[in-house]
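Here is the naming used below: chain letters follow the sequence lines, and residue numbers restart at 1 for every chain. These figures come from a predicted structure and were not determined experimentally.
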Amino acid sequence: MIHAQRVMPLNDRPPVTGRYVLYWMQQAQRTEYNHALEYATRQANALGLPLVCVFGLTDEFPETNLRHYTFMMQGLAEVSDALAERGIRFVMLRQAPDSAALRLASDAALLVTDRGYLRVQVEWRRRVAEAAPCPVMQVETDVVVPVEVVSDKEEYAARTIRPRIHKHLLEYLKPLAQTKPMHDSTGLDLDVEDLRPSLATLDGLSMDRTVGPVSAFTGGGAEARRLLSEFIAEKLADYDELRNDPSLDFVSHMGPYLHFGQISPLDIALQVIEADSPGEEAFIEELVVRRELSMNLVRYNPGYDTYEAAVPEWARRTLAAHQADPREYLYDLEHLEQADTHDEYWNAAQNEMLRTGKMHNYMRMYWGKKILEWTPTAREGFEIALNLNNKYSLDGRDPNSFAGVAWCFGKHDRPWQQRDIFGTVRYMNANGLRRKFDMDAYLRKVDG
DNA sequence: ATCGGCTCGCGCAA
DNA sequence: TGCGCGAAGCCGAT
């Protein structure tokens with residue numbers, strides 16, 4: 001079902017006649033469990049019109065490179081095939097997402113899109129809603145509980161958002177039925193030069209190619225569902241106990257797929273609950289409470305990517321008070337980027353990200369805490385951590401990335417024991433890693 | 001191995 | 001206004 005709270009009109013244009021209903025795909029790059037696509041299909045059927053899907057492929061997306069584009073294109077090739085099978089024309093244009101949507105909006109009776117929370121995504125939608133001659137509807141499909149249903153303000157911590165999410169969780173854990181379009185649109189004459197969604201198409205785009213594709217993760221909904229099935233069958237039962245151990249592989253690996261909208265969090269949640277496993281509670285906590293806390297941050301804090309706005313006042317105060325503390329180790333961006341520090345665990349974490357496009361969740365915390373410790377100011381550390389994460393992680397620039405980096409600097413956390421450099425911001429060290437995990441095994445895992 | 005203290009502020013009870 | 005308690009820890013005491 002599609003709850004009314006998922007649907008938001010972005011302008012107040014009166015109904016117009018048109019040749020088709022347009023689904024502008026941007027954040028939710030999938031055909032399964034996509035409320036926006038289903039909403040668009042039902043509207044098209046109600047209006048007796050065919051449905052067309054448009055996607056704008058730009059090489060000017062901030063901070064992206066061949067690694068991100070390859071993963072995304074693997075998913076889009078699959079989307080293109082799946083839409084064709086359902087009789088829906090998929091149009092990929094070499095244009096910015098907003099201008100691609102507007103290019104086809106002129107002949108649309110209605111434009112439907114999905115929702116993204118980053119500034120650039122909000123801005124694209126604002127421009128489309130303003131310039132489109134037809135009504136524009138946004139359907140929120142990349143969270144389990146719609147962000148504004150959970151809270152109308154920036155939440156302070158997981159403990160404040162948790163009860164607000166759980167209050168609505170059952171209500172939103174509802175399957176989504178798939179509707180078949182009444183009219184086939186694959187043969188529609190649209191007078192556009194569209195791109196073929198394939199890896200070869202990337203050759204024609206100008207982008208940063210210094211960060212290459214990874215073999216550790218293949219993009220696309222099929223691969224996401226395969227990994228999810230494997231996780232549920234072999235790892236979920238021990239998730240609570242073993243998820244933090246970086247020498248093991250007891251995580252779901254859903255991050256990159258969620259980032260590109262290649263799988264739906266609702267779909268994941270329903271499958272995990274269906275499995276009736278002891279790991280359910282811990283997993284839902286990560287997938288829904290903590291993930292949607294990061295959506296809350298990006299939605300309500302316009303400076304989510306800056307030190308001054310994203311890091312809370314108490315943390316900035318205590319870090320500023322320790323600004324002048326001597327640093328035993330100091331590294332610049334280049335040395336950190338090349339995993340060239342005195343700390344073999346940190347280097348391994350950085351190398352894991354460089355080589356696989358993903359860093360183990362627990363090491364991400366350690367990694368960020370050490371950047372804070374080894375850079376001249378907390379502000380510089382914050383910027384370096386964000387920069388490296390966005391560049392090399394497949395899920396860089398996700399709300400989770402911004403929240404995760406900010407957490408290392410005190411966001412969504414509480415003060416702890418006073419110490420040098422950190423003040424009362426939570427500290428982590430290598431002894432903790434060794435105490436809890438087989439770190440030699442982690443080093444072998446990354447280097448092997 | 002286990003435990004308390006560290007330290008701040010939100011949110012609820014009163 | 002008071003009070004309990006918290007996104008993943010550390011450290012020293014027992």
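Between the NZ atom of A/K411 and the P atom of B/dC10 there is a distance of 11 Å, given to the nearest Å. Protein atom OH of A/Y427 is 18 Å distant from nucleotide atom C1' of B/dG5, rounded to whole Å. Computed from coordinates, the A/D413 CG to C/dG9 P distance equals 10 Å when rounded to whole Å. Look at CZ on A/R414: it is 12 Å from P on B/dC8, rounded to the nearest Å. Put simply, NZ on A/K370 is 14 Å from P on C/dG9, counting in whole angstrom units. We find that CD of A/Q418 is positioned 18 Å from P of B/dG5, with the value rounded to whole Å. Rounded to a whole Å, the CZ atom of A/R434 is 16 Å from the P atom of C/dG9. The CD1-C1' distance, from A/I161 to B/dG11, rounds to 15 Å in whole Å.
Backbone-only engagement by A/R317 is indicated by non-hydrogen atom pairs under 4.0 Å involving sugar-phosphate atoms exclusively. Within the nucleic acid shown, A/M365 comes within 4.0 Å of at least one base atom, counting heavy atoms only. Note on A/R243: nothing from the nucleic acid sits closer than 4.0 angstrom, heavy atoms only. Contacts of A/W407 with the nucleic acid, taken as non-hydrogen atoms under 4.0 Å apart, include base atoms. Among the heavy atoms of the strands, none lies under 4.0 Å from A/R164. Contacts of A/N361 with the nucleic acid, taken as non-hydrogen atoms under 4.0 Å apart, are absent. In this structure, A/N244 reaches the bases: a heavy-atom distance under 4.0 Å links it to at least one base atom across the strands shown.
When the side-chain nitrogen and oxygen atoms of A/K369 are compared with OP1 and OP2 of C/dG9, none of them lie within a distance under 4.0 Å. The side chain of A/R162 places an N or O atom within less than 4.0 Å of a non-bridging phosphate oxygen (OP1 or OP2) of C/dA7. Contact between the side-chain N/O atoms of A/Y362 and the OP1/OP2 oxygens of C/dG9 is found at a separation under 4.0 Å. Dashed line: the shortest gap from a side-chain N or O of A/R435 to OP1 or OP2 of C/dC10 is under 4.0 Å. In this structure, A/K153 does not reach the B/dC10 phosphate: none of its side-chain N or O atoms is under 4.0 Å from OP1 or OP2.
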(message) With ring pair (Phe, Tyr, Trp, His ring centres under 6.0 Å) as the criterion, how do A/Y257 and A/F71 come out once you've worked through the C-alpha distance, each side chain's angles and the decisive distance to 0.1 Å?
(response) CA-CA 9 Å; A/Y257 301 91; A/F71 192 90; 5.0 Å; yes
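When the nucleotides C/dA7, C/dG9, B/dG9 are ranked by their closest atom to the side chain of A/R290, C/dA7 comes out on top. The A/P415 side chain lies nearest to B/dC8 when the options are B/dC8, C/dC11, B/dC10. Nearest to the side-chain atoms of A/K436 among the listed nucleotides B/dC10, C/dC10, B/dC8 stands C/dC10. Of the candidates C/dC11, B/dC10, C/dA7, C/dC11 carries the atom nearest the A/N429 side chain, counting heavy atoms from C-beta on.
In a base pair of the Watson-Crick type (N1 to N3 plus N6-O4 or O6-N4) or a G-U wobble (N1-O2 and O6-N3), with each distance short of 3.5 Å, C/dA7 is matched with no nucleotide. The partner of B/dT7, taking Watson-Crick or G-U wobble pairs whose two distances both stay under 3.5 Å, does not exist in any strand shown.
Using bins of under 30°, 30° to 60° and over 60° for the plane-to-plane angle, the ring pair A/Y331/A/H335 lands in the tilted bin. The aromatic rings of A/F409 and A/Y307 sit perpendicular, their planes meeting at an angle over 60°, well past the 30° parallel limit.
B/dT7 and C/dT1 are spaced 25 Å apart, taking the P atom of each and rounding to whole Å. The separation of B/dG9 from C/dC10, taken at their P atoms, amounts to 23 Å, rounded to a whole angstrom. For the C1' atoms, the distance from C/dA7 to B/dT2 is 22 Å, rounded to whole Å.
If you check the side chains of A/Q350 and A/W367, you find a donor sitting under 3.5 Å from an acceptor.
Residues A/Y39 and A/Y23 keep their aromatic ring centres 6.0 Å or farther apart. Side-chain rings of A/Y304 and A/Y117 stay apart, their centers remaining 6.0 Å or farther from each other.
Classification of A/R299 and A/E140 as a salt-bridged pair fails, no side-chain N sitting under 4.0 Å from a carboxylate O.
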